[in-house]
Amino acid sequence: MKNKFLLLTWLLAVPLLWGGCDKPLFKTDEASIAQPDELPPITTTGEGNFACKINGVNWQRCGGGFLQSSILGNWSPNYKIFQLGAKRECSGFDETISINAIVDSAGTYPLEMADFNDFNLECQDVLDPYVLLEGADNWVEILNLDTKEFIVSGTFQCTLVHEGCGDTLFITDGRFDYDWAN
């Protein structure tokens, strides 16, 4: 029941916030904030970071306004549901990554759900994202869950697959530092 609730929440939220167009998956030849040479450091003070490597290529949200580069998240103290997603829509990119888990404090937890959308790919649409590969090493480590300052920080790793695109995405070196009150 929890998984259905989480899936429904993301399926309803993501289409309202993010849309798409037509470009290749990763641009390894572009050096920009959207595809940096280095990932931001791991922090625990609510810096607004969300970054990772996808198949070894650095990924982070880019500069710009809310619709071009957002990070959205929540932690429910009643249900212990942690949800976090990031978008980058700049320099030809139009992608989202989201993760969620059941967490109650700092520690390592299995991911309940994660997905990746590249709205430039013809083989997928908003209702058909890359999803967790069951049995893979899919986890989130909460480094800071400050319920007074509304900050959640941590690291994550997962493997995502998409049957229609025929790809496997290995997400490593994930890190986030989010202030959900701002």
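Evaluation of the side-chain contact (heavy atoms from CB on, under 4.5 Å) rule for C165 yields L121, C123, Q124, Y130, H162, D167 as partners, not counting sequence neighbours. Considering only residues two or more places apart in sequence or on other chains, D179 meets the side chain to side chain donor-acceptor pair (under 3.5 Å) condition with N182. Listed by chain and number, the residues in a side chain to side chain donor-acceptor pair (under 3.5 Å) with E149 amount to none (sequence neighbours excluded). Under the side-chain contact (heavy atoms from CB on, under 4.5 Å) criterion, I42 pairs with L143, T155, R175, not counting sequence neighbours. Looking at residues two or more places apart in sequence or on another chain, you find no ring-ring contact (aromatic ring centres under 6.0 Å, His included) involving Y178. A136 pairs by the side-chain contact (heavy atoms from CB on, under 4.5 Å) definition with L133, N138, T159, not counting sequence neighbours. Residues forming a side chain to side chain donor-acceptor pair (under 3.5 Å) with S76 (at least two apart in sequence, or on another chain): none. The ring-ring contact (aromatic ring centres under 6.0 Å, His included) search around F150 returns W180, not counting sequence neighbours. With sequence neighbours left out, N144 forms a side-chain contact (heavy atoms from CB on, under 4.5 Å) with T44, D146, I151, S153. For K80, there are no side chain to side chain donor-acceptor pair (under 3.5 Å) partners two or more places apart in sequence or in a different chain.
Annotation: side chain of L169 is in contact with side chain of N55 (closest heavy-atom distance under 4.5 Å). Here the side chains of E112 and I102 are in contact, with some heavy-atom distance below 4.5 Å.
Counted by atom type alone, W59 and E95 present one or more donor-acceptor pairs between their side chains at under 3.5 Å.
Y109 places a side-chain N or O within 3.5 Å of a backbone atom of S105 that can act as its donor or acceptor partner. With hydrogens and angles disregarded, no donor-acceptor distance shorter than 3.5 Å links the side chain of N117 to the backbone of F119. Using a distance-only test at 3.5 Å, with no hydrogens or angles considered, a donor-acceptor pair links the side chain of N58 to the main chain of D37. For the pair D94 (side chain) and E89 (backbone), a donor-acceptor distance under 3.5 Å is absent.
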**Message:** Go through it in stages, so that I can follow the logic: the residues are Q83 and I81, the test is side-chain contact (heavy atoms from CB on, under 4.5 Å), and I'd like the CA-CA distance, side-chain angles, deciding distance and then a yes or no.
**Reply:** CA-CA 6 Å; Q83 301 173 320; I81 299 170; 3.8 Å; yes

**Item:** Check against side-chain contact (heavy atoms from CB on, under 4.5 Å), W139 and L111
**Value:** CA-CA 5 Å; W139 52 265; L111 285 172; 5.5 Å; no

**Message:** side-chain contact (heavy atoms from CB on, under 4.5 Å), that's the test. Do L84 and L72 meet it? Break it down for me.
**Reply:** CA-CA 6 Å; L84 189 64; L72 298 171; over 6 Å; no

**Step-by-step side-chain contact (heavy atoms from CB on, under 4.5 Å) determination, D137 to Q157** = CA-CA 7 Å; D137 193 16; Q157 171 181 300; 3.3 Å; yes

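Distance check: S70 OG to R61 CZ gives 7.5 Å after rounding to the nearest 0.5 Å. Interatomic distance, I71 CD1 to T96 OG1, rounded to the nearest 0.5 Å: 13.0 Å.
Exactly one residue among D173, T172, I97, V57 makes a side-chain contact (heavy atoms from CB on, under 4.5 Å) with C52. That residue is I97.
Nearest heavy atom pair, residue T43 against residue D177, reads OG1-OD2, 2.5 Å. In plain terms, the two heavy atoms of P41 and N49 that are nearest each other are O-ND2, 4.1 Å.
Side-chain heavy atoms closer than 4.5 Å link hydrophobic residues (I, L, V, M, F, W, Y) into clusters, and following such links, possibly through other members, connects V103 to L132.
Residues F176 and F82 place their aromatic rings such that the two centres sit under 6.0 Å apart.
Under the 6.0 Å distance and 45° angle rule, R88 counts as a cation-pi partner of F93.
Taking a 4.5 Å side-chain heavy-atom cut-off between Ile, Leu, Val, Met, Phe, Trp and Tyr, the cluster of L39 contains only that residue.
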